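Note sheet for the following structure.
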Amino acid sequence: MASLIGSAVRRKEDPRLLTGNGCFTDDIKLTGMVHAAFLRSPHAHARIIRVDTEKARSLPGVTAVFTGLDLAGKMKAVPAMWFLPGCDLKPKDRPALATDKVRYAGEAVAVVIAENRYVARDALDLIEVDYEVLPAVVSQELAMQDDAALLHDDVPNNLALLWKAGEIPDEVFADAEVVVKQRLYNQRVIPSPMETRGAVAQYNPGSGEMTLWCTSQNPHIHRLIYADVLGIPETKLRIIAPDVGGGFGAKIATYTEEAVVACIAREIQKPVKWVEERKEHFMATSHGRDEVLEVELAGTKDGRITALRVTNTANLGAYLSTFGAGCPTIDFGLMVTGAYAIPQAAVVTYGVYTNTTPTDAYRGAGKPEATYQIERAIDLFADKIGMDPVEVRRINLVPNDAFPYNSAMGVTYDSGDYQKALDKALEIFDYEAFREEQKEQRQKGKYLGVGFSTYVELCGFGPSAVAGAIGFQGGVWENSTVRVHPGGTVTVFTGTSPHGQGTATTFCQIVAEKLGVPLSDVELVSGDTQSVSMGWGTYGSRATAVGGAAVSLATDRVIEKARKIAAHELETTVDQIEFIAGQFTVKGDLSRSRTIQQIARSANYAWNLPEGVEPALEGQSFFDPSNFVYPFGTHICVVEVDEGTGEVEIKRYIAVDDVGRVINPLLAEGQVHGGIAQGVGQALWEGAVYTEQGQLQSGTFMDYTMPKARFFPPIESAFTETLSPVNPLGAKGIGETGTTAAPPAVVNAVMDALKPFGVAALDMPLTPEKVWRAIRSGRDKE
Amino acid sequence: MAHQAEVSMKVNGAESKSVIEPRMLLVHYLREELNLTGTHIGCDTSQCGACTVLLDGDPVKSCTVLAVQANGKSITTVEGLASKEGLHPIQMSFWEKHGLQCGFCTPGVMIAAIGLLNENPDPSEEEIRLALEGVICRCTGYQFIVDAVKHAAQTLREAGETKVAMADSMKA
């Protein structure tokens, strides 16, 4: 029988989703349920003078209207959960509803509760708010200036944090043979899962129990934070993440709306539903990136990088979001040297409050920005010394014999074979043939370019002691219980709450393979704080590497116990029992055996158990990884730039990823495709656009360009497999490889195509207009 | 009470009749009145296509159609694709080819694909990608959706279906 681990089986979750039988938050309907709609500020920065809800309250069908003052004393502001030490962090919590001041366009000011969503929307139009509009500041660089508008009176220069890691004397750069300096803007993007946020809250006034269904990537984190915000003990607050329609980081954060909905359900003692409209999602759900990166790279003429210094001026938005302080510091800073053995590195990060939507993790969270600056800087360095960009990468990649590799930023890369991934990608690509073609095509006025990205990222956050040291207010371990029922079927409980990853398939593959039972006999339970003891979230590509590892270890414990029972029944010692493909057999005597299903029955009936063995067949694991995991690979992008229109067409995209052990190659490739689409999206089309007054202009799908099917050629995906020593599966994590690797691969390709026009640097997104203007100005210089 | 209107339509083969507010969108009628929650709402500007259903056989975005406009017409939603005998070939293909991840856009994408296959039973890769212009998927990068549509087209051609049959709705 072929191994289930590594097998491209169809997903267990699909028949439900394919037939319209999924259950997303908006699909939940409770008896007596009423609907919430939030009134949001049209201004980015304003004092609230008066809120008059009288007319709204008297509209037929309206149950209640609440302002911030109405909620005073009923719930707390929602805090962040990453308090980075040593950076003078000035955290600013999100008020339930704004009372004195609004700090970004879209901040909630009041909430209407009505019999249906139409009436709730009608009532919003009847609320009168008088604002005194204040000057707004949108750019993080302007916000730090002395004359900038202040968001929070006690945060001078709007500086929320100043983080420094490493130091390099100026002489190192002054004395270097070659120095490359470049300012890069990693623009603000809007995560945009296809399901917006939503919440349904039901309160039982008799028991004091609150059930909150919400669109969460981490229901236990939501419970931890909201228990405190709402003043409900964790024993009585049940958070359920039902089917969740994508997250990409946007559903990690604990926002105010979900907590407000719960608070009001308790107030009015009726179930309350709120579903975010897409327009609200654009304004009120966390954005990603928005970092101004100034990179200085020192090297030798023969292509060796000797030092790297980066300043990141990061836009945190109006309040400190859940992981807001960590993304541009730890997540970014620790990975600035990328896949290269750079002996010296230093990072400074300014985290700045502005009158914009708060920023937080977005698929990759800091690592894509880190990868972007180093991969762009390498190309600029290669240009400057006249060396091929692949050659410069080869010279500097961390060599195989250096693993585990201690980087200049103080982290230890677990394992890697960077040259192998590069070789494999080049083999698929045929680099020499491309350069020939590029030359020929240029003669004909067609501009082709190739871009490389030999990336590495840091995933599978752990161990928890590290989380503590960097001020993360929680653990980063995962747990699993594997329960074998008397009839031999298996339920797997995991704290890892999925939202599209296919965990219900991959985790069951791990268990079915190890126990030697059919995949159809194994089911996963997740996403409910009442069913699962704990979980620290599905983000940072940690599901398989940490959650999957816990599942694997819990299964080992089941086998360990079953082996004892089998030995007892077969009248031998434990060390005489072999367990292969679901059968416990006495060594050398195939006639004496028990199936795992037979043992499950014996264990649960408990008629005849060995001395000291408790009834039932269940294993549990709490897995705290010893280190991060470091997936890596090489992405190659080929583009053609239309000289006349500035339009960039992706001609080829090759991705060789090494994510350690692949549990299901079909799902792994799906993750690669999706990540690349988002990464290419950031490189070419996506970007939040604010006016100077803080109005979000890219506030709908009409104005914010989401990648579509016709924008892409088929992606050529392949894997190398270098196991991680950090977890028993050898898995590294796959969810963020595409968003990390793709932006620089695409931008490097466009820059390569634009070389004949003398264009040195352009900031993402490389829209036709931007590229066209660059071509024009390049030509004007000629 | 606001002005009310009576609507009746055939949804997945079953007759439905309701008194509703005239401003009610078809998607809300399906989801709230008929409890057919397989059709999802992903945006409010008619871009994402998660709410796509067949109206008299043609794909429409049900967030951009009033329920009263569908009066007297026949609607097929994702719930009407599978039969008791099993999944519809388009569903089967999405399953086989991993054409979905979170599954939120999937019902609309499958219906849009059916719209294409009804007009063009043997579409090229490029034609499929163009035909998916009206839907947005954030998870898959579209490649396996394209593969799924290709595979469904082939399955249907091999089965000799010229028009994509609806399990219950069209038969009823």
Side-chain angles (χ1 to χ4, degrees), chain A residues 8 10-11 13-24 26-27 29 60 116-118 191-196 243-248 275 277-279 281 499-502 666-667 669-678 680 700-702 706-712 714-715 717 738, chain B residues 1-2 21 23-24 28 31-32 35-48 50 77-82 87-88 90-92 94-107 110 125-126 128-133 135-147:
Chain A
R10 298 184 301 191
R11 297 202 316 173
E13 44 275 85
D14 287 354
R16 182 179 83 240
L17 297 167
L18 286 165
T19 51
N21 288 297
C23 181
F24 295 89
D26 194 15
D27 302 341
K29 220 179 203 185
N116 64 48
R117 59 186 97 199
Y118 286 69
S192 307
M194 294 321 296
E195 180 202 34
T196 56
D243 282 324
V244 176
F248 314 113
V275 177
E277 292 178 19
R278 180 58 61 183
K279 188 179 64 181
H281 181 84
H499 36 281
Q501 293 84 352
L666 188 64
L667 274 58
E669 201 178 331
Q671 286 291 317
V672 169
H673 295 164
I676 290 169
Q678 277 176 263
V680 175
T700 71
F701 283 150
M702 290 188 287
M706 290 284 277
K708 297 245 179 116
R710 68 176 165 85
F711 295 3
F712 301 97
I715 288 159
S717 165
Chain B
M1 206 61 180
E21 275 194 69
R23 65 175 171 171
M24 181 179 268
H28 286 137
R31 290 180 51 84
E32 308 291 337
N35 291 316
L36 294 170
T37 53
T39 301
H40 300 141
I41 304 168
C43 74
D44 27 53
T45 51
S46 208
Q47 252 77 39
C48 83
T77 70
V78 67
E79 288 92 344
L81 296 182
L87 296 178
H88 184 281
I90 194 87
Q91 292 168 313
M92 207 63 205
F94 270 68
W95 193 14
E96 294 284 347
K97 297 294 176 187
H98 189 34
L100 68 158
Q101 288 180 27
C102 80
F104 192 82
C105 74
T106 312
M110 290 192 299
E125 159 125 11
E126 202 186 338
I128 295 170
R129 287 183 183 268
L130 281 172
L132 295 172
E133 179 64 15
V135 293
I136 302 175
C137 168
R138 190 56 150 172
C139 293
T140 63
Y142 303 100
Q143 189 154 323
F144 285 160
I145 291 179
V146 173
D147 289 355

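Predicted model only: the values in this text are computed from it and were never measured. Every chain is numbered from 1 and lettered A, B, ... according to where its sequence line falls, protein lines coming before strand lines.
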Pairs of heavy atoms under 4.5 Å with chain B: top-ranked of [options]:
| options | answer |
| --- | --- |
| A:Leu17, A:Val275, A:Asp27 | A:Asp27 |
| A:Gly20, A:Ala677, A:Pro714 | A:Pro714 |
| A:Pro60, A:Pro15, A:Gly502 | A:Pro15 |
| A:Pro191, A:Pro193, A:Gly246, A:Gly738 | A:Pro191 |

Residue [X] versus chain B: region with a heavy atom under 4.5 Å:
| X | answer |
| --- | --- |
| A:Asp26 | both |
| A:Phe711 | neither |
| A:Met702 | both |
| A:Leu666 | both |
| A:Ser192 | both |
| A:Val672 | neither |
| A:Pro707 | both |
| A:Gln501 | neither |
| A:Glu13 | neither |

State plainly whether the residues A:Arg117 and B:Glu32 are in salt-bridge range, i.e. N to O under 4.0 Å.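 Salt bridge between A:Arg117 and B:Glu32, a charged N being under 4.0 Å from a carboxylate O: yes.
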
Do the side-chain N and O atoms of B:Tyr142 and A:His673 include a donor-acceptor pair separated by under 3.5 angstrom?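 Absent: no donor and acceptor within the cut-off.
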
Would you give the length of the straight line joining atom CE of A:Met706 to atom SG of B:Cys43, rounded to the nearest 0.5 angstrom?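 The CE atom of A:Met706 sits 10.0 Å away from the SG atom of B:Cys43.
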
Nearest 0.5 Å, please: how far is SG in B:Cys139 from CE in A:Met194?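 Nearest 0.5 Å value for the CE-SG distance: 9.0 Å.
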
Report the option among [options] that has the most heavy-atom pairs separated by less than 4.5 Å from atoms of chain A.
| options | result |
| --- | --- |
| B:Leu132, B:Asp44, B:Val135, B:Val78 | B:Asp44 |
| B:His98, B:Glu96, B:His40 | B:His98 |
| B:Thr106, B:Leu130, B:Leu100 | B:Leu100 |
| B:Arg129, B:Glu125, B:Gln91, B:Arg138 | B:Arg138 |
| B:Thr45, B:Ile128, B:Ile136 | B:Ile136 |

Compare every heavy atom of [Y] with every heavy atom of [X], then report the nearest pair and how far apart it is.
| X | Y | value |
| --- | --- | --- |
| B:Ile145 | B:Phe94 | CG2-CZ, 3.9 Å |
| B:Met110 | A:Leu18 | CE-O, 3.3 Å |
| A:Thr196 | A:His281 | CG2-CB, 3.9 Å |
| A:Lys29 | B:Asn35 | NZ-OD1, 2.6 Å |
| A:Leu667 | A:Arg11 | CD1-CG, 3.7 Å |

Are more than 12 heavy atoms from other residues, nucleotides or ligands located less than 6.0 Å from atom CD of B:Glu126?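 No, the 6.0 Å shell around CD holds no more than 12 heavy atoms from other groups.
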
Could you tell me whether A:Tyr118 and B:His28 have their ring centroids closer than 6.0 angstrom?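 Under 6.0 Å, so yes.
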
Measure from the side-chain N and O atoms of B:Glu79 to the backbone N and O of B:Gly38, and report whether any donor-acceptor pair falls under 3.5 Å.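 Side chain of B:Glu79 to backbone of B:Gly38, a donor-acceptor pair under 3.5 Å: yes, one is there.
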
Where does B:Met92 contact chain A at under 4.5 Å (heavy atoms): side chain, backbone, both or neither?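 Answer is side chain: those atoms of B:Met92 sit under 4.5 Å from chain A.
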
For B:Leu87, which atoms come within 4.5 Å of any heavy atom of chain A: side chain, backbone, both, or neither?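 Side chain only.
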
